[in-house]
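The structure under discussion appears below in the form of structure tokens.
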Amino acid sequence: MESEQLFHRGYYRNSYNSITSASSDEELLDGAGVIMDFQTSEDDNLLDGDTAVGTHYTMTNGGSISSSTHLLDLLDEPIPGVGTYDDFHTIDWVRERCKDRERHRRINSRKKESAWEMTKSLYDAWSGWLVVTLTGLASGALAGLIDIAADWMTDLKEGICLSALWYNHEQCCWGSNETTFEERDKCPQWKTWAELIIGQAEGPGSYIMNYIMYIFWALSFAFLAVSLVKVFAPYACGSGIPEIKTILSGFIIRGYLGKWTLMIKTITLVLAVASGLSLGKEGPLVHVACCCGNIFSYLFPKYSTNEAKKREVSYYFPLKTLWRSFFAALVAAFVLRSINPFGNSRLVLFYVEYHTPWYLFELFPFILLGVFGGLWGAFFIRANIAWCRRRKSTKFGKYPVLEVIIVAAITAVAAFPNPYTRLNTSELIKELFTDCGPLESSSLCDYRNDMNASKIVDDIPDRPAGLGVYSAIWQLCLALIFKIIMTVFTFGIKVPSGLFIPSMAIGAIAGRIVGIAVEQLAYYHHDWFIFKEWCEVGADCITPGLYAMVGAAACLGGVTRMTVSLVVIVFELTGGLEYIVPLMAAVMTSKWVGDAFGREGIYEAHIRLNGYPFLDAKEEFTHTTLAADVMRPRRSDPPLAVLTQDNMTVDDIENMINETSYNGFPVIMSKESQRLVGFALRRDLTIAIESARKKQEGIVGSSRVCFAQHTPSLPAESPRPLKLRSILDMSPFTVTDHTPMEIVVDIFRKLGLRQCLVTHNGRLLGIITKKDILRHMAQTANQDPASIMFN
């Protein structure tokens, strides 16, 4: 058979066809007190990671069954656990790809045998499309439900709709005939808590009662959210994007994409947003969608038994994956449009429609907003990482519930007096983006109107600002300071917390302030040379809402360091496609300014803070070191632990396994020649020996272990040898000692390697693992590797 041929050629190492569901990513996690510690359990570091005591692995072997000494004689029955990985370990991309190719060959070879096999082949071929379809349906439905529930619970802090309890404030007053243009949000059906409790709608007593109820509901929502996260799903906290990037790179975090995490994150995301904390829901929605995709993948063997297939968007992005991603987005958009969570029959969250084009001279304030966004991003990353590091290193981090309650209390107390901080953050951004038309009653649009105007038109000329605008500017300045401070302390607490919306809010506030300033400057000094050509008297020249949109993109770019994708995201959120040049100018400026203080975005900084084994493809490595400078063992280290191909006994190998914590061993021809033969994993050796003792007669501690194709001649009285060639990786990735580390790092990134062996003229010298590369990159950046690795 083809698999036997592959085995004899040395490429077929393991057949992983009996993975059990008990160790899948959807496995439930006991939530209480889980601490993510990567100090000694990193699988990619095959010479450092500890193998968990009591962990059982299994394997089946290819090759001929005619040999009496072959391991297949005792491993012909599949054993649970084949091909799975321990928690906090890195997958073997090469092995997983070989396993998938073998599965594909087997299906293709059998599909002509019967109609049932043909059906199975079609099912396997279409399983990818079915997965993305189900994922799109679930993601769109959950996103719509989260939006609707968050809006309702946010308004619950201020009052309730007596005619229909499930209506939020806006929906409650839609059908009322008693609203006025100036007070369109007031209707008899909507009752504030002061009206319900003390019967007063105005006055100091009403204000104090509404203030108290606002704080009560904010603390209740925050406490419920953090309690659910702590008790049921600790992995439901945060945005999830750093962990998702790490998981896609091949790292295993059990339970992070499981059913409990999905359910708790969906519920607590609504509670966290409704509590008024300075956070958003867009980042956590990425985690929710990934949970949906992971859970649905277990319905299809093509993905449930192969960790690399689940992550095929990581180290390579096939064209078919691009099409499937597009299709999943299409399905999610269709479901979201059907639900219509925004109530405007549009898919965009902040729909904008400006009636004035932008002018060339406005590029200067747009670039200034980009500078502000870059400075804000650099400040936020440093301040937030410093606070998160302090949380990890002090007793304060041991009380996550207390931290959330304190942050929520400070947020609620400081937010209520200011109408712009009291607003839901999404509603605040929407108001800041909105252009001042004739039907707008916001104080931001309180301009002194021309009394001679006889008709209502869309293009209202620039006008002098009224008292309401100046009052709003002061309130926005206070809101800007409040948002900057609270976002630093909120991102990273133990509730679902996204960063997109808070960053956009900060940029939108700054942009609106700058836009109003430029607008008034152009009105009072329209004869200046920069305004003379475009801003005539009575013309609609400046659109402050556009500045808010540009500022939002700039601040988000400063925090995430995204460029092209960010501009596309802003298009999706606003529909403002015609303003591509201002957005690109501001986003690129924010990235350049932010990169001047550090090239890491917030998500990469949190990956490094948590010590995840992640090699960022965007990070450049320009140092002139060689593989020999990074490999181990170093001069001060003990010799490399190796196995010989036919000179060791079962006891020798078991002693080496018991005396070391290495997760793999190079196999050489002899200690004298040091010629490389292959690589054997610790777990495969353990299971092979245990299975041989149980199922094969004559295997004792003094039995010779042979990794060669032919067993050497032994004395007649010698015990039966144990042949383990079938568990040997005959083609481990190797580099020479003079290979530049720039190439080695690139190889690790693009192939997803866990380790590679270093040779010189075919003789084994050492080994380089992913952890070694991360340490070396930290050293070249003048950082202490011990302070950032696996904390």
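Remember, it's a predicted structure, so these values are computed and weren't measured experimentally.
With hydrogens and angles disregarded, a donor-acceptor distance shorter than 3.5 Å links the side chain of Asn294 to the backbone of Leu257. Distance alone, capped at 3.5 Å, is enough to place a donor-acceptor pair between the Asn306 side chain and the Ala308 backbone. The closest donor-acceptor contact from the side chain of Arg725 to the backbone of Met730 lies at 3.5 Å or more, if one exists at all.
In this structure the side chain of Cys237 never reaches within 4.5 angstrom of the side chain of Val495, judged on heavy atoms. Counting only heavy atoms from C-beta outward, the side chains of Arg101 and His104 never approach each other to under 4.5 Å. Between Ile91 and Arg754, every side-chain heavy-atom pair lies at or beyond the 4.5 Å cut-off. Looking only at side-chain heavy atoms (C-beta outward), Leu130 and Phe300 come within less than 4.5 Å of each other. For the pair His606/Phe491, a side-chain contact is recorded, criterion being any heavy-atom separation below 4.5 Å from C-beta on. Contact annotation: the side chain of Ile107 never approaches that of Lys120 to less than 4.5 Å [non-hydrogen atoms, C-beta and beyond]. Residues Leu753 and Trp93 fail the side-chain proximity criterion, which asks for heavy atoms closer than 4.5 Å. By the 4.5 Å heavy-atom criterion applied to side chains, Arg106 and Lys111 are not counted as neighbours.
Aromatic ring pairs are classed by plane angle as parallel below 30°, tilted from 30° to 60° and perpendicular above 60°; the pair Tyr256 and His287 is parallel. Aromatic ring pairs are classed by plane angle as parallel below 30°, tilted from 30° to 60° and perpendicular above 60°; the pair Trp260 and Phe232 is parallel.
Of the candidates Thr90, Asp92, Thr769, Gln755 forms a side chain to side chain contact (heavy atoms under 4.5 Å, CB included) with just one, namely Thr769. Across Ile146, Leu228, Val229, Leu224, a single residue satisfies side chain to side chain contact (heavy atoms under 4.5 Å, CB included) together with Ile267, and that is Leu228. The one candidate from Val744, Leu751, Asp746 that meets the side chain to side chain contact (heavy atoms under 4.5 Å, CB included) condition with Phe748 is Val744.
From Leu499, atom CG reaches atom OG1 of Thr560 across 8.0 Å, with rounding to the nearest 0.5 Å.
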Working note: Lys245 + Glu604, criterion salt bridge (charged side-chain N to carboxylate O under 4.0 Å, His left out); need CA distance, chi angles, decisive distance, verdict. CA-CA 9 Å; Lys245 294 182 68 172; Glu604 289 76 17; 2.5 Å; yes
Run the numbers on Asp147 and Lys281 for salt bridge (charged side-chain N to carboxylate O under 4.0 Å, His left out), then give the verdict. CA-CA 9 Å; Asp147 273 319; Lys281 55 183 177 291; 3.2 Å; yes
Determine, step by step, whether Lys112 and Glu117 satisfy the salt bridge (charged side-chain N to carboxylate O under 4.0 Å, His left out) criterion, reporting the C-alpha distance in whole Å, the side-chain angles of both residues, the deciding distance to 0.1 Å, and the verdict. CA-CA 7 Å; Lys112 295 182 180 180; Glu117 293 295 337; over 6 Å; no
Applying side-chain contact (heavy atoms from CB on, under 4.5 Å), run through Ser731 and Phe679 and close with a yes or a no. CA-CA 8 Å; Ser731 55; Phe679 195 88; over 6 Å; no
For Lys99 and Glu96, run salt bridge (charged side-chain N to carboxylate O under 4.0 Å, His left out): C-alpha distance rounded to whole Å, both residues' side-chain angles, the deciding distance at 0.1 Å, then the answer. CA-CA 5 Å; Lys99 180 171 65 175; Glu96 295 295 301; 3.1 Å; yes
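More than 12 heavy-atom neighbours from other residues, nucleotides or ligands sit within 6.0 angstrom of CE on Met153.
Under the rule for a side-chain contact (heavy atoms from CB on, under 4.5 Å), the partners of Thr154 that lie at least two apart in sequence or sit in another chain are Lys157, Ala274, Asn424. With sequence neighbours left out, the side-chain contact (heavy atoms from CB on, under 4.5 Å) criterion links Ser139 to Thr135, Ala289, Cys292.
Among pairs with a residue in residues 124-137, those fulfilling salt bridge (charged side-chain N to carboxylate O under 4.0 Å, His left out) read Arg103-Asp124, at least two apart in sequence or across chains.
With ring centers used as reference points, Tyr303 lies 6.0 Å or more from Phe296.
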